[in-house]
Amino acid sequence: MKDRGDFYHNPDAPEGPDLPDSFWENAVAVDPQGKTSVHLKLDADVFFFFKRQGKGHITRMQDVLRAYMKAHQNPDGSLLTPKEKPNRKAG
């Protein structure tokens, strides 16, 4: 990332705050869920809408998809059951 210029470290950045021992007593390790690589075709206007906003356009697209996903969850966090799709005849 550093070679591509995607990573920047400011040596003059202030140190973060010291955390009290009570923080570490209650801390819980969480395994990240990981990422899935997909090939996705988007309409050009949709893609360039996000791209014009600058660096981080993929993350912004994911944030929109996550908001949609959360809007379609039950209060307990489970996904709503999608309606059955009607059968379509080929041809």
Side-chain angles (χ1 to χ4, degrees):
M1 287 175 43
K2 188 175 182 180
D3 292 342
R4 290 193 321 252
D6 293 340
F7 176 77
Y8 174 74
H9 171 71
N10 181 352
D12 298 324
E15 290 291 323
D18 289 330
L19 298 172
D21 290 339
S22 61
F23 172 86
W24 297 109
E25 291 169 3
N26 299 318
V28 176
V30 177
D31 289 329
Q33 292 181 348
K35 303 282 183 182
T36 299
S37 179
V38 298
H39 175 84
L40 178 67
K41 287 188 177 188
L42 301 170
D43 292 337
D45 60 338
V46 172
F47 176 75
F48 288 113
F49 170 81
F50 285 93
K51 180 115 174 145
R52 279 191 303 267
Q53 296 174 31
K55 194 172 184 175
H57 60 284
I58 301 294
T59 301
R60 283 190 295 280
M61 285 189 258
Q62 180 167 318
D63 291 344
V64 169
L65 290 170
R66 182 174 305 285
Y68 181 87
M69 179 187 77
K70 287 186 177 195
H72 290 81
Q73 287 179 333
N74 289 310
D76 67 359
S78 63
L79 294 177
L80 294 171
T81 305
K83 294 181 181 177
E84 240 179 84
K85 292 182 182 179
N87 291 332
R88 297 192 334 207
K89 293 182 180 179

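Worth saying up front: this structure is predicted, and the values here are computed from it rather than measured. Both backbone and side-chain heavy atoms feed into the values below; hydrogens, waters and symmetry mates do not. Nothing fancy with the numbering, it's 1 onward along the sequence.
- A distance of 11.5 Å separates CZ in Phe50 from OG1 in Thr59, rounded to the nearest 0.5 Å.
- Met61 is not listed as a side-chain neighbour of Leu40, based on a closest heavy-atom distance of 4.5 Å or more.
- Within 6.0 Å of atom CG in Asp45, more than 12 heavy atoms from other residues, nucleotides or ligands are found, so the atom counts as buried in its surroundings.
- By the neighbour-count criterion of 12 heavy atoms within 6.0 Å, atom CG of Asp18 is sparsely surrounded, having that number or fewer from other residues, nucleotides or ligands.
- Between atom CG of residue Leu65 and atom CZ of residue Arg60 there is a gap of 13.5 Å, rounded to the nearest 0.5 Å.
- Once rounded to the nearest 0.5 Å, the distance linking CZ of Phe48 with CD of Gln53 reads 13.5 Å.
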